[in-house]
K.L.:
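There's a structure below that I have some questions on.
Computation of the quantities below employed the complete heavy-atom set of this structure, encompassing side-chain atoms and omitting hydrogens, waters and symmetry-equivalent molecules.
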Amino acid sequence: MSEYLTDDASRAVPITPISKDALTHWVQSHPRQREWLNLTGFKADAGSFTFLPRSGGDAARVLAARGDDEPMWAFAALPMLLPEGVYSIDSDFDGAQATAAALGWSLGSYGFSRYKAARRAPASLVWPKHADRSDVDRISQGVFLARDLINTPTEDMGPDELIAAGVELAKDAGATVRVLRGDELLAHNYPTIHAVGRASTRAPALLDFSWGDDNAPKVTLVGKGVCFDTGGLNIKPREGMLEMKKDMGGAAIVLGLAKALMAGHTPIRLRVLVPAVENSISGNAYRPLDIIRTRAGKTVEIGNTDAEGRLILCDALAEADGEAPELLIDFATLTGAARIALGPEVQAFFCDNDDVATTLQETGARFSDPLWRLPIWRPYRKLIEGKCADLNNVAPNAFAGSIIGALYLSEFVSAANAWVHLDVMASNPTAKPGRPEGGEATGLRAVYHYIRNRYRVTENDRLPRAAKRAAQQRTRKGKRRREM
């Protein structure tokens, strides 16, 4: 279970949610507290709180102003604002509200302490009645895995370490795993992954694992794993490199999402592909105007070595597309253009299926993980026509950068029933309740809920395999008894 959600209500201090508009009425109905609130200056401004003392001096209650219009984040700041201890929310929530409050509290309790000890522990919350504890725990653990991976600097999170995290996750879930490294990528026809990663002393690699019933609907996730991006020979300026440890954020989010889906026994045949590289500079670095033949057989002329993410993804997408999955989704910190267009809080996505796109965007809005669809604008395809090859990996100008990236990737997807490309931020540039500064699993919750709803997870689906067999045997025995 989530570490800072508890069943121990014996010492819990109740939290009463209150809005600014409702404060006057509350004070009128609690006249004993009027003087104290005047003394403390509590005005129920968003995110503020105050303790209401008992006559003996200890805390009787916390008045907490909702810190966000969205239920998900209403209490998410409190774990690190309230003193350490146990609290409970005094409110009559339905199941969705209770789950959102518990998840917001859990995500607000996160801290990255691998290199610096935390100054304090978060406050704990008694599980709200009707909360879906399993869902909160699954999502929290998936988000925390992604955040931890993104926050870890490249010295400790190179291609080998990223692949190792994926292998551990896969083996723990009972998945079938294959890893290709270094020149094995050439032997198995992944030339663009090899080309981007070959200049580093840390060999490029591809993680490929499969989980679930082979006869279940095929859902494939692909994550961009550029563990650091210097820009290659088109080297980035200093400012451009400061956030490049997060350029494997797409891979981290895919691993966190896979963790949550597998923990929930989602009835799909899940495949995960993570190409992991470090885009470095050395004598054997790939160069501008080099031409590389991709896994799909198309040739690509290198217009810019700093557009490396789409190169490693195109080989992974071609492999994924080869088995015609029902749903193919990739996550990538692909372009700054997406951030310029939508800012850090709304994630751009592209989709070749209108029904999938509409439902996915609605799901993101419903679960406070906003996504916004951008067009795969085919008339721009001519901008990536190669002069000496089938394709160029960039356009000749800076217009529509995110669309250009999606158009390039779309060249390698044709058989999948539906394809979604998420051009994500993978970080929070500033802290907000439940969303600390640093690595973030942007888009994970939206896609998790979309997949869970699409494949209609039932309580029986959530049971481990042995429990399912036992339940099926009981059903068969009951049926035989009824037929006798």
K.L.:
Do NZ/NE/NH1/NH2 and the carboxylate oxygens of Arg373 and Asp354 come within less than 4.0 Å?
P.N.:
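A salt bridge is present here (some side-chain N lies under 4.0 Å from a carboxylate O).
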K.L.:
Using a 3.5 Å distance criterion without hydrogens, assess whether the side chain of Lys129 forms a donor-acceptor pair with backbone atoms of Gly95.
P.N.:
no
K.L.:
If you count the non-hydrogen atoms of other residues, nucleotides and ligands that lie under 6.0 Å from CD in Glu239, is the total more than 12?
P.N.:
yes
K.L.:
Without hydrogens or angle criteria, can the side chains of Thr99 and Asp132 be said to hold a donor-acceptor pair below 3.5 Å?
P.N.:
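No pair is found: no donor N or O on one side chain lies under 3.5 Å from an acceptor on the other.
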K.L.:
Spell out, as yes or no, whether a donor-acceptor pair under 3.5 Å connects the side chain of Gln97 to the backbone of Asp94.
P.N.:
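Confirmed, Gln97 side chain pairs with Asp94 backbone.
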K.L.:
Are the side chain of Asn284 and the backbone N or O of Arg198 linked by a donor-acceptor pair below 3.5 Å?
P.N.:
yes
K.L.:
Can you check whether Met241 reaches Thr230 side chain to side chain, under 4.5 Å on heavy atoms?
P.N.:
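Of all side-chain heavy-atom pairs linking Thr230 with Met241, at least one is under 4.5 Å.
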K.L.:
Please check: side-chain N/O of Asn393 versus main-chain N/O of Asn304, any donor-acceptor pairing under 3.5 Å?
P.N.:
yes
K.L.:
Do you know which of Leu311, Val277, Thr294, Leu180 makes side chain to side chain contact (heavy atoms under 4.5 Å, CB included) with Ile193?
P.N.:
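So the option named by the test is Val277.
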K.L.:
Determine, for Phe209 and Arg178, whether the Lys NZ or Arg CZ falls below 6.0 Å from the six-membered ring centre while staying within 45 degrees of the axis.
P.N.:
no
K.L.:
Any donor-acceptor pair under 3.5 Å linking the side chain of Asp352 with the backbone of Trp419?
P.N.:
yes
K.L.:
Strictly below 4.0 Å, N to O, side chains only: are Glu243 and Lys236 in salt-bridge contact?
P.N.:
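Here Glu243 does not pair with Lys236 in a salt bridge, since their nearest N and O are not under 4.0 Å apart.
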K.L.:
Do Asp306 and Leu233 have side chains that get closer than 4.5 Å, going by heavy atoms?
P.N.:
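Heavy-atom side-chain distance check fails, nothing below 4.5 Å.
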K.L.:
To the nearest 0.5 Å, what is the distance between CD (Glu308) and CG (Asn234)?
P.N.:
10.5 Å
K.L.:
Please report the interatomic distance CD(Glu362) to CG(Asn453), rounded to the nearest 0.5 Å.
P.N.:
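Taking CD in Glu362 and CG in Asn453, the distance rounds to 11.0 Å.
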K.L.:
Walk me through whether Tyr450 and Thr359 qualify under side chain to side chain contact (heavy atoms under 4.5 Å, CB included).
P.N.:
CA-CA 8 Å; Tyr450 172 78; Thr359 306; 3.8 Å; yes
K.L.:
Using only heavy-atom distances, determine whether the side chains of Ser410 and Arg378 contain a donor-acceptor pair under 3.5 Å.
P.N.:
yes
K.L.:
Please give me the minimum heavy-atom distance between Pro17 and Ser91, naming the atom from each residue.
P.N.:
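So the minimum-distance heavy-atom pair works out to CG-CB, 4.2 Å.
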K.L.:
Is any side-chain heavy atom of Leu407 closer than 4.5 Å to one of Leu383?
P.N.:
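Counting from C-beta outward, Leu383 and Leu407 never come under 4.5 Å.
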K.L.:
Quick one: CG on Asp135 to CZ on Arg452, what's the gap to the nearest 0.5 Å?
P.N.:
6.0 Å
K.L.:
Counting N and O atoms only, with roles assigned by atom type, does the side chain of Asn392 sit under 3.5 Å from a partner on the main chain of Val394, one being a donor and the other an acceptor?
P.N.:
yes
K.L.:
Run the numbers on Glu411 and Lys298 for salt bridge (Lys or Arg N to Asp or Glu O under 4.0 Å), then give the verdict.
P.N.:
CA-CA 9 Å; Glu411 292 285 316; Lys298 297 181 181 182; 3.0 Å; yes
K.L.:
Going by heavy atoms in the side chains, are Asn279 and Phe228 under 4.5 Å from each other?
P.N.:
no
K.L.:
Is the backbone N or O of Asn189 less than 3.5 Å from a side-chain atom of Arg295, with the two atoms forming a donor-acceptor pair by type?
P.N.:
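Side chain of Arg295 to backbone of Asn189, a donor-acceptor pair under 3.5 Å: yes, one is there.
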K.L.:
Would you say the side-chain atoms of Ser106 pair up with the backbone N or O of Ala102, donor to acceptor, closer than 3.5 Å?
P.N.:
no
K.L.:
Could you please spell out the steps behind the salt bridge (Lys or Arg N to Asp or Glu O under 4.0 Å) verdict for Lys387 and Glu301?
P.N.:
CA-CA 8 Å; Lys387 291 182 180 179; Glu301 191 170 12; over 6 Å; no
K.L.:
Before you tell me yes or no, could you show the steps for Ser402 and Phe350 under side chain to side chain contact (heavy atoms under 4.5 Å, CB included), namely the whole-Å CA-CA distance, both residues' side-chain angles and the distance that decides it to 0.1 Å?
P.N.:
CA-CA 9 Å; Ser402 188; Phe350 300 80; 3.4 Å; yes
K.L.:
Is it true that a side-chain atom of Asp423 and a backbone atom of Ala348 form a donor plus acceptor pair closer than 3.5 Å?
P.N.:
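No.
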K.L.:
What are the two closest heavy atoms between Leu371 and Ala446, and how far apart are they?
P.N.:
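For Leu371 and Ala446, the tightest heavy-atom pair comes out as CD1-CB, 3.8 Å.
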K.L.:
Donor-acceptor check, side chain of Asn428 to backbone of Ala431, threshold 3.5 angstrom: yes or no?
P.N.:
no
K.L.:
For a quick test of reading the model, state the closest non-hydrogen atom pair linking Ala324 to Ala415 and the distance between them.
P.N.:
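The answer is CB-O, 3.7 Å.
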K.L.:
Does atom CZ (Arg381) have a neighbourhood of more than 12 heavy atoms from anything else shown, all under 6.0 Å?
P.N.:
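Yes, the 6.0 Å shell around CZ holds more than 12 heavy atoms from other groups.
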K.L.:
Tell me, do Val136 and Trp127 make a side-chain contact under 4.5 Å, heavy atoms counted?
P.N.:
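Of all side-chain heavy-atom pairs linking Trp127 with Val136, at least one is under 4.5 Å.
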K.L.:
Given side chains that start at C-beta, do those of Pro79 and Tyr110 come closer than 4.5 Å, heavy atoms only?
P.N.:
no
K.L.:
Does Arg202 come within less than 4.0 Å of Glu161, counting only side-chain N to carboxylate O?
P.N.:
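Looking at Glu161 together with Arg202, the answer is yes, because their closest N to O distance falls below 4.0 Å.
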K.L.:
Below 4.0 angstrom, N of the basic side chain to O of the carboxylate: do Asp160 and Arg181 qualify?
P.N.:
yes
K.L.:
Using a 4.5 Å cut-off on heavy atoms from C-beta on, say whether the side chain of Asp369 contacts that of Tyr448.
P.N.:
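Sidechains of Asp369 and Tyr448: no contact.
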K.L.:
Measure the spacing between CH2 of Trp105 and OH of Tyr4 and express it to the nearest 0.5 Å.
P.N.:
12.5 Å
K.L.:
So Arg271 and Asp208, do their side chains get closer than 4.5 Å, heavy atoms only?
P.N.:
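The answer is yes, as the side chains (C-beta and beyond) meet within the 4.5 Å cut-off.
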K.L.:
Dump the intermediate steps for side chain to side chain contact (heavy atoms under 4.5 Å, CB included) on Ile404 and Arg310, then the final yes or no.
P.N.:
CA-CA 10 Å; Ile404 293 297; Arg310 65 200 67 182; 4.1 Å; yes
K.L.:
Identify the two heavy atoms, one from Asp315 and one from Pro191, that lie closest to each other, and give their separation to 0.1 Å.
P.N.:
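Closest pair (atom of Asp315, atom of Pro191, distance): OD2-N, 3.0 Å.
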K.L.:
Considering non-hydrogen atoms only, spot the tightest contact between Cys314 and Thr192 and give its length.
P.N.:
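Closest heavy-atom pair between Cys314 and Thr192: SG-OG1, 3.7 Å.
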K.L.:
Can you give me every donor-acceptor pair (side chain of residues 216-227, partner residue at least two apart or in another chain, under 3.5 Å) with its distance?
P.N.:
| from | atom 1 | to | atom 2 | distance (Å) |
| --- | --- | --- | --- | --- |
| Lys224 | NZ | Asp247 | OD1 | 2.9 |
| Lys224 | NZ | Asp247 | OD2 | 3.3 |
| Lys224 | NZ | Thr333 | O | 2.7 |

K.L.:
Just by distance, no angles: are the side chains of Asp156 and Tyr115 close enough, under 3.5 Å, to form a donor-acceptor pair?
P.N.:
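Present: a donor and an acceptor within the cut-off.
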K.L.:
What is the distance from atom CG of Leu273 to atom CD1 of Ile312, rounded to the nearest 0.5 Å?
P.N.:
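The CG atom of Leu273 sits 11.5 Å away from the CD1 atom of Ile312.
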K.L.:
Check whether NZ of the Lys or CZ of the Arg Arg445 lies under 6.0 Å from the centre of the six-membered ring of Phe367 and within 45 degrees of that ring's axis.
P.N.:
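So Arg445 doesn't make the cation-pi contact.
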K.L.:
Does the plane of the ring in Tyr380 sit parallel, tilted or perpendicular to the ring in Trp377? Use 30° and 60° as the thresholds.
P.N.:
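If you compare the ring of Tyr380 with that of Trp377, the planes turn out perpendicular.
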K.L.:
Please lay out, stage by stage, how Asp321 and Ser414 fare under the test side chain to side chain contact (heavy atoms under 4.5 Å, CB included).
P.N.:
CA-CA 7 Å; Asp321 190 63; Ser414 60; 3.4 Å; yes
K.L.:
Kindly confirm or rule out a cation-pi arrangement of Arg269 over Trp211, judged by NZ or CZ under 6.0 Å from the six-membered ring centre and within 45° of its axis?
P.N.:
no
K.L.:
Verify whether one side chain among Glu440 and Ser427 offers a donor that lies under 3.5 Å from an acceptor in the other.
P.N.:
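Per modelled atom types, Glu440 and Ser427 side chains form no pair under 3.5 Å.
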K.L.:
Apply salt bridge (Lys or Arg N to Asp or Glu O under 4.0 Å) to Glu345 and Lys432, showing your working.
P.N.:
CA-CA 11 Å; Glu345 296 178 20; Lys432 296 184 72 175; 3.3 Å; yes
K.L.:
Atom CG in Asp137, atom CG in Leu5: separation rounded to 0.5 Å?
P.N.:
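Those atoms lie 9.0 Å apart.
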K.L.:
Provide the closest heavy-atom pair for Asn353 versus Asp355 in the form atom of the first, atom of the second, distance.
P.N.:
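For Asn353 versus Asp355, the nearest heavy atoms are OD1-N, 3.0 Å.
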K.L.:
Between Lys245 and Glu155, is there a salt bridge with N-O shorter than 4.0 Å?
P.N.:
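Answer for the salt bridge query: no.
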